[in-house]
Amino acid sequence: MDDENRLIAQRKQKIQAIRDAGLNPYANDFEVRLEDMQAVDGLDPEALGGEADVGDDAPEYRIGGRVMSLAKFGKAAFALVRHLGHEVQIYLKRDLLGDETFKAFKKIERGDFVAAVGHAFVTRQGKVAVRAQEFRILTMAVRSLPEKWHGLKDPELRYRQRYVDLVTTPGVADVFRTRARVVSHLRRYLDERHFVEVETPMLHTVVGGAAAKPFLSHHNALDLDIKLRIAPELYLKRLVVGGLDRVYEIGRCFRNEGLSRMHNPEFTMLEFYMGYANYETLMALTEDLISELVTELKGEPKLTYQDQPVDFTTPWPRLTVAEAAHAGLTLAAGELGFTAPAEAELDTEEGLWAYVDREKLTDKDEGFAEVWKSTKGWGEQLAALFEFFGEERLPADRPVFVVDYPSAVSPLSRRKDENPELVDRFELFVCGREIANAFSELNDPEDQRQRFKAQLEAKQRGNDETMDYDEDYCRALEVGMPPTAGEGIGIDRLTMLLCDQASIRDVILFPLLRPEGGTAPKTAGKDKEA
RNA sequence: GGGCCCAUAGCUCAGGCUGGUAGAGCACCGGACUUUUAAUCCGUUGGCCGAAGGUUCAAAUCCUUCUGGGCUCACCA
């Protein structure tokens with residue numbers, strides 16, 4: 001692709017002209033002081049004199065950055081430079097800089113990097129500027145930035161050239177700064193509570209910890225088929241067996257599934273496990289952790305997501321899966337024209353079947369019809385009803401804990417003491433989106449073996465998103481895992497919420513896109529070199 | 001994978017219905033200007049109209065296919 005155009009050629013000529021003048025267009029011998037940038041950025045124009053009032057004893061600032069806007073006159077100019085979020089204005093005068101330097105400056109465009117040394121004063125427009133006693137070109141850009149007024153609007157260009165997007169599009173850099181604050185808040189919160197941060201393998205030979213399709217790869221030296229991890233869960237629990245009673249990992253997981261506003265094939269998850277705790281412990285911890293995080297970022301335990309105000313004041317409402325399915329169906333009944341389920345009608349497999357059959361629910365929702373066909377037993381069926389009719393109709397103005405999931409859809413969770421058809425598990429929903437998933441861990445190895453077997457059977461029925469039978473994990477449970485609860489929190493979705501972003505692509509620096517320029521070279525599963 | 005929409009100058013967009021050889025603003029280039037905030041004024045330059053086929057005397061425009069993207073549905077417990 002030949003994108004060498006006239007503009008680029010002109011820029012290269014300018015760079016050569018700077019070289020010809022004995023200057024370095026890629027200099028790296030000037031100290032830009034961040035503290036000076038901060039100081040100038042923080043100056044009060046009211047307390048500062050005009051240019052004529054600046055005395056020689058005034059503080060001298062060494063500032064610099066990328067030129068974000070330029071106003072050139074015949075023999076003077078203003079350049080607004082940006083460095084680490086600070087924007088400082090430089091005032092350049094030919095009288096002060098001399099002909100040579102001012103001539104060099106005239107080659108500068110928006111997007112270049114420059115630096116200056118000088119005193120601060122207040123302009124006639126009432127803004128602070130540093131009058132350059134000394135001026136330096138630091139780096140010249142070959143490509144110019146997008147138009148300053150409209151910026152980069154094309155979403156494809158924004159994601160493909162994130163380096164341009166970050167410079168140009170207001171708020172983008174802030175999203176990623178906030179994301180970093182979210183992650184460090186989570187780390188600090190867990191560290192303070194004696195959790196140990198660990199790193200477990202991303203190259204797995206056995207798929208587990210979630211229900212999802214993995215990416216496949218191959219290790220040559222061992223001639224071993226491997227899968228990128230879909231979740232770190234089973235390794236983290238092995239560590240609890242080993243005595244790291246409080247562990248966590250923040251890391252990338254990979255799921256070979258579709259892309260959407262809520263899904264990127266690689267995403268970041270926090271998973272933590274807490275020995276001698278149960279899912280009630282984690283509900284309290286989650287309320288505390290997230291409401292504290294929202295308060296830290298927003299100043300109060302409240303935020304607005306896509307025009308929906310959400311109040312994180314604790315305690316948060318709780319609904320059982322059955323209640324949420326019932327409530328959702330009742331609302332859906334009004335919207336879609338069928339009759340709401342009767343009291344307790346969803347409590348048995350027979351009742352459920354009769355209801356779905358009577359109201360012809362499979363005609364109301366194509367996706368539901370598809371899933372309903374492959375479900376077996378009360379638990380899977382209730383979960384399907386909740387997922388298709390309940391989830392999106394959960395209350396939106398508050399975070400909601402959905403509890404008491406069926407054991408049939410929770411192969412790693414501990415059964416409830418009072419009802420073995422249910423497990424000690426919750427999911428946290430905010431604005432109808434799943435943010436966290438947690439449960440008391442199943443630590444009975446015999447039960448775990450049964451659950452893995454049930455997964456294999458589901459796979460035989462055509463469910464391609466099941467877990468493998470992990471024999472070593474069962475062996476670890478036989479060595480003994482203390483009573484434990486664990487939780488996973490999607491960092492990307494949490495960041496979306498806190499930054500009011502509608503698409504996961506806007507909280508991931510480089511979301512997956514098809515390669516530029518059409519067809520990418522297809523490589524076989526095996527690595528040809530090596 | 002299905003449906004809808006988009007692709008024109010470096011960037012942001014007109015033009016398209018109704019076919020007649022390509023427009024604007026900003027940026028860039030040249031000139032004027034020693035306090036700008038989207039500086040101003042004057043003068044230029046810049047395009048395989050995403051790609052390939054087709055219809056036509058003639059295609060940015062109509063048709064088909066392809067490529068890339070967006071939204072949405074499905075999939076994602």
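Convention: sequence-line order gives letters A, B, ...; per-chain numbering from 1.
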Do any side-chain atoms of residues 91-98 of chain A form donor-acceptor pairs under 3.5 angstrom with protein atoms, and if so which ones, sequence neighbours left out?
| unit_1 | atom_1 | unit_2 | atom_2 | d |
| --- | --- | --- | --- | --- |
| A:K93 | NZ | A:E51 | OE2 | 2.9 |

Rounded off to whole Å, could you give me the [atom1]-to-[atom2] distance for the [X] and [N] pair?
X: A:E392; N: B:C75; atom1: CD; atom2: C1'; result: 15 Å
X: A:R261; N: B:G69; atom1: CZ; atom2: C1'; result: 16 Å
X: A:I15; N: B:C29; atom1: CD1; atom2: P; result: 12 Å
X: A:E387; N: B:A74; atom1: CD; atom2: P; result: 10 Å
X: A:M140; N: B:C28; atom1: CE; atom2: C1'; result: 13 Å
X: A:R158; N: B:A7; atom1: CZ; atom2: P; result: 19 Å
X: A:L259; N: B:G69; atom1: CG; atom2: C1'; result: 12 Å
X: A:K364; N: B:A74; atom1: NZ; atom2: P; result: 16 Å

Which nucleotide, [options], lies nearest any side-chain atom of [X]?
X: A:Q10; options: B:U12, B:C71, B:C28; value: B:C28
X: A:K14; options: B:G70, B:C29, B:G69; value: B:C29
X: A:R160; options: B:A77, B:U12, B:G69; value: B:G69
X: A:R505; options: B:A77, B:C71, B:C75; value: B:C71
X: A:V409; options: B:C11, B:A77, B:U72; value: B:A77

**OP:** Please say which of A:V40, A:V67, A:V117, A:V81 ends up in a side chain to side chain contact (heavy atoms under 4.5 Å, CB included) with A:I90.
**Re:**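 Of all the options given, the one that passes is A:V81.
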**OP:** State which residue, out of A:L319, A:V321, A:T320, fulfils the side chain to side chain contact (heavy atoms under 4.5 Å, CB included) condition with A:F386.
**Re:**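 Checked A:L319, A:V321, A:T320 against A:F386; only one passes side chain to side chain contact (heavy atoms under 4.5 Å, CB included): A:V321.
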Subject >> A:E134 and A:E60, any side-chain heavy atoms less than 4.5 Å apart >> reply: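 No, every pair of side-chain atoms sits at 4.5 Å or beyond.
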**OP:** Kindly indicate whether the side chain of A:Y279, heavy atoms from C-beta on, has any atom under 4.5 Å from the side chain of A:V423.
**Re:**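 Sidechains of A:V423 and A:Y279: no contact.
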Rounding to an integer number of angstrom, what distance separates [N] and [M] when you compare their [atom1] atoms?
N: B:G53; M: B:U45; atom1: P; value: 32 Å
N: B:C28; M: B:G68; atom1: P; value: 35 Å
N: B:G31; M: B:C5; atom1: C1'; value: 46 Å
N: B:G23; M: B:C49; atom1: P; value: 14 Å
N: B:A39; M: B:C26; atom1: C1'; value: 13 Å
N: B:G30; M: B:G69; atom1: P; value: 39 Å
N: B:C13; M: B:G1; atom1: C1'; value: 33 Å
N: B:C4; M: B:U44; atom1: P; value: 47 Å

Check whether the side chains of [X] and [Y] place a donor and an acceptor atom closer than 3.5 Å, and report yes or no.
X: A:Y473; Y: A:K237; result: yes
X: A:E109; Y: A:S144; result: no
X: A:Q16; Y: A:D20; result: yes

Between protein and nucleic acid, restricted to nucleotides 32-35 of chain B and to nitrogen or oxygen atoms under 3.5 Å apart, what atom pairs and distances do you find?
| unit_1 | atom_1 | unit_2 | atom_2 | d |
| --- | --- | --- | --- | --- |
| B:C33 | N3 | A:G74 | N | 3.3 |
| B:U34 | N3 | A:D95 | OD2 | 3.1 |
| B:U34 | O4 | A:D95 | OD1 | 2.2 |
| B:U34 | O4 | A:D95 | OD2 | 2.3 |
| B:U35 | O2 | A:R124 | N | 2.8 |
| B:U35 | O4 | A:E51 | OE1 | 2.4 |

At under 4.0 Å between heavy atoms, what does [X] touch on the DNA or RNA strands: base, sugar-phosphate, or nothing?
X: A:D154; result: sugar-phosphate
X: A:P265; result: nothing
X: A:M68; result: nothing
X: A:E427; result: nothing
X: A:L513; result: sugar-phosphate

Original post:
In terms of the nearest nucleotide of RNA chain B, which residue is placed more toward the 5' end: A:K107 or A:V371?
Top reply: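 On the 5' side of the pair lies A:K107.
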Subject >> Each stem that RNA chain B is part of, given as range with range (3 or more consecutive Watson-Crick or G-U pairs, under 3.5 Å) >> reply: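 Ordered by first number, the stems with RNA chain B (at least 3 consecutive pairs each) read B:1-7 with B:67-73, B:10-13 with B:23-26, B:29-32 with B:40-43, B:50-54 with B:62-66.
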Original post:
Are any of the side-chain nitrogens in A:D444 or A:R451 under 4.0 Å away from the carboxylate oxygens of its partner?
Top reply: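 Salt bridge: no.
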Original post:
What pairs with A:H204 under ring-ring contact (aromatic ring centres under 6.0 Å, His included), at least two apart in sequence or on another chain?
Top reply: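 Residues passing ring-ring contact (aromatic ring centres under 6.0 Å, His included) with A:H204: A:Y235.
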Residues, nucleotides or ligands: over 12 heavy atoms within 6.0 Å of [X] [atom1]:
X: A:K416; atom1: NZ; answer: yes
X: A:Q133; atom1: CD; answer: yes
X: A:E335; atom1: CD; answer: yes

Please tabulate, one pair per line, all N/O donor-acceptor pairs under 3.5 Å involving side-chain atoms of residues 430-437 of chain A, not counting sequence neighbours.
| unit_1 | atom_1 | unit_2 | atom_2 | d |
| --- | --- | --- | --- | --- |
| A:R433 | NH1 | A:C431 | O | 3.3 |
| A:N437 | OD1 | A:R425 | NE | 3.0 |
| A:N437 | OD1 | A:R425 | NH2 | 3.4 |

So which protein N/O to nucleotides 22-27 of chain B N/O distances come out below 3.5 Å?
| unit_1 | atom_1 | unit_2 | atom_2 | d |
| --- | --- | --- | --- | --- |
| B:G25 | N2 | A:E147 | OE1 | 3.0 |

